[in-house]
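Notes follow the structure.
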There are 2 protein chains.
Amino acid sequence: MTDRLTAVFAALADPVRRDIVARLAGGDATVNELAKPYQISVQAVSKHLKVLETAGLVSRRRDAQRRPCHLEAEVFDLMTKWIERYRRAAEERHSRLDAVLACMHTEPSPNTGPDHTGAAS
Amino acid sequence: MTDRLTAVFAALADPVRRDIVARLAGGDATVNELAKPYQISVQAVSKHLKVLETAGLVSRRRDAQRRPCHLEAEVFDLMTKWIERYRRAAEERHSRLDAVLACMHTEPSPNTGPDHTGAAS
DNA sequence: CCCTTATTCAACCATGAGGTTGCATAAGGG
DNA sequence: CCCTTATGCAACCTCATGGTTGAATAAGGG
């Protein structure tokens, strides 16, 4: 998982981790607090938090034996930026008929006949 | 992968698939066209497209032997909505000192001595 | 009909992710 | 000091994922 975007999307591709993010949005919490609602072991939750931390979605302080987790906002911007770029592109070509033109975008396909795309009804 | 959000995030947690999305934002394309730039086999790309299709990020028509892929916009809204909710929450608590208050969020316990959290410096 | 092109399906392999348990470490509190 | 609490690390298991190759299907074209 070289790049950050991959790490972030992968981190959020798990219901438990998304739930943790949701709960951290309501305030910081310790590993044990976070683990309580789930059936899985505390260690498993600890692993999940490590994933979130590595992805930069979560940071942690020290408070005696506890390691309270804090939701970080910056990374969300990274995702939003990526998504918005393609969402806009997809919406534009959805509203117009660009989709049809796009069929012959890559190569003019000299002999194949460029207008065969019109058959797509 | 029960829910859609999981499928979408998982689909985008792969550089190749994100690249495919990026290229489809520039216009529809066939499997072969999409596969060309990569070293991996056409079959592998076909698999990637199936993942994107299952996640609802891509749809496909039929055009003779070809199956042109088309980027779908709706799913992006789903993601954006999810992200925005928590981004806002994270930013709010970042700007204020809510993080400190959050330490005692789970149990209000007003008599336990609320100022022990002040030790977290 | 057979051949070519485009795409998928099936079987297989290697790796990584999420889960478990058991032990180690950190930090107070009798 | 030992005990309890909170957390992390390591070894292990299982299954999903991404890749491969080889054959099958779909759709034209000579």
Side-chain angles (χ1 to χ4, degrees), chain A residues 1-2 6-20 28-55 58-70 103-104 106-107 109-113 115-117 119-121, chain B residues 1-3 6-20 28-36 38-55 58-70 103 106-107 112-113 116-117 119-120:
Chain A
M1 253 190 278
T2 328
T6 298
V8 175
F9 280 124
L12 295 178
D14 183 296
V16 174
R17 286 195 291 258
R18 280 202 308 281
D19 189 56
I20 288 176
D28 296 11
T30 69
V31 180
N32 264 306
E33 285 167 357
L34 289 170
K36 255 168 211 148
Y38 312 118
Q39 289 295 79
I40 61 178
S41 68
V42 182
Q43 288 95 322
V45 175
S46 183
K47 272 194 189 181
H48 281 305
L49 286 168
K50 195 172 189 176
V51 173
L52 289 169
E53 194 178 16
T54 303
V58 156
S59 65
R60 314 162 89 159
R61 316 190 318 271
R62 233 212 194 284
D63 172 29
Q65 312 107 43
R66 268 143 269 139
R67 304 281 315 276
C69 303
H70 175 78
C103 293
M104 49 185 186
T106 6
E107 300 152 77
S109 344
N111 48 2
T112 320
D115 59 348
H116 73 288
T117 50
S121 52
Chain B
M1 254 189 277
T2 330
D3 69 309
T6 298
V8 175
F9 279 125
L12 295 177
D14 183 296
V16 173
R17 286 195 291 259
R18 279 202 309 279
D19 190 56
I20 289 177
D28 296 10
T30 69
V31 180
N32 264 307
E33 286 167 355
L34 289 169
K36 254 167 212 148
Y38 311 118
Q39 290 294 78
I40 61 177
S41 67
V42 181
Q43 290 95 319
V45 175
S46 182
K47 274 194 188 179
H48 280 305
L49 286 168
K50 194 171 192 177
V51 173
L52 289 169
E53 193 178 16
T54 303
V58 157
S59 66
R60 314 162 89 159
R61 316 190 319 272
R62 239 225 184 276
D63 172 28
Q65 311 106 44
R66 268 141 268 141
R67 305 282 314 277
C69 303
H70 175 77
C103 293
T106 9
E107 303 146 80
T112 318
H116 76 290
T117 51

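Chain letters run A, B, ... following the sequence lines, proteins first, then strands; residues in each count from 1.
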| query | Which nucleotide, dG8(D), dA27(C), dG18(C), lies nearest any side-chain atom of Gln65(A)? | reply | dA27(C)
| Nucleotide dT20(D), atom C1' - distance to OH of Tyr38(B) in whole Å | 18 Å
| request: With the side chain of Val51(A) defined as its heavy atoms from C-beta on, choose the nearest nucleotide among dG18(C), dG19(D), dT7(D). | output: dG18(C)
| message | For a quick check of understanding: with a heavy-atom distance under 4.0 Å over all strands, which category does Lys47(B) fall into, base, sugar-phosphate or nothing? | response | base
| said: Is there a side-chain contact between Val31(A) and Arg60(A) in this structure, where contact means two heavy atoms from C-beta onward sitting under 4.5 Å apart? | reply: yes
| Does dT8(C) have OP1 or OP2 sitting under 4.0 Å from an N or O in the side chain of Ser46(B)? | yes
| field | dG30(D) - base-pair partner by Watson-Crick or wobble geometry, distances under 3.5 Å | value | dC1(C)
| query | In chain order, what residues pass the side-chain contact (heavy atoms from CB on, under 4.5 Å) check against Thr54(A), with sequence neighbours excluded? | reply | Lys50(A)
| task | Take atom CG of Asp63(A) and atom P of dG28(C), then tell me their distance rounded to the nearest Å. | result | 9 Å
| task | Without swapping roles, check the side chain of Arg67(A) against the backbone of Arg61(A) for a donor-acceptor pair under 3.5 Å. | result | yes
| request: Kindly point out which of dG18(C), dT21(D), dG8(D) is positioned nearest to the side chain of Gln43(A)? | output: dG8(D)
| said: With a 4.0 Å limit, can you tell me whether Asn32(B) has a side-chain N or O closer than that to the phosphate oxygens OP1/OP2 of dT5(C)? | reply: no
| message | It should be established whether Arg60(A) places a side-chain nitrogen or oxygen under 4.0 Å from OP1 or OP2 of nucleotide dG8(D). | response | yes
| request: Could you tell me whether Arg18(A) and Asp3(B) make a salt bridge, using a distance below 4.0 angstrom between a side-chain N and a carboxylate O? | output: yes
| note | Of all heavy-atom pairs linking Leu52(A) and Ala11(A), the shortest is CD2-CB, 4.2 Å
Residues 41-49 of chain A side chain polar contacts: donor-acceptor under 3.5 Å, at least two apart:
{"unit_1": "Ser41(A)", "atom_1": "OG", "unit_2": "Ala44(A)", "atom_2": "N", "d": "3.2"}
{"unit_1": "His48(A)", "atom_1": "ND1", "unit_2": "Arg17(A)", "atom_2": "NH1", "d": "3.2"}

| said: On the nucleotide dA17(C), are OP1 or OP2 found under 4.0 Å from the side-chain N or O atoms that His48(A) carries? | reply: no
| query | Which listed nucleotide (dT7(D), dG19(C), dT20(D)) is nearest to the side chain of Ile40(B)? | reply | dT20(D)
| query | Looking at the side chain of Arg66(B), which of dA26(D), dT21(D), dA6(C) is the nearest nucleotide? | reply | dA6(C)
| query | Any side-chain N or O of Arg62(A) less than 4.0 Å from the OP1 or OP2 oxygen of dG28(C)? | reply | no
| Phosphate OP1/OP2 of dT20(C) contacted by Ser41(A) side-chain N/O (<4.0 Å) | yes
| task | Find the distance Lys50(A):NZ to dG16(C):C1' and express it as a whole number of Å. | result | 15 Å
| field | Separation of dG28(C) C1' from Arg67(A) CZ (nearest whole Å) | value | 16 Å
| query | Whole Å only: how far is the CD atom of Gln39(B) from the P atom of dG18(D)? | reply | 19 Å
| Between Asp14(A) and Leu49(B), which is nearer to the 5' end of DNA chain C once each is assigned its nearest nucleotide? | Leu49(B)
| Among dG18(C), dA23(D), dT7(C), which is the nearest nucleotide to the side chain of Arg17(A)? | dG18(C)
| Length of the CZ-P vector between Arg61(A) and dA27(C), whole Å | 15 Å
| message | If you assign each of Val42(A) and Ala64(A) to its closest nucleotide in DNA chain C, which residue comes earlier from the 5' end? | response | Val42(A)
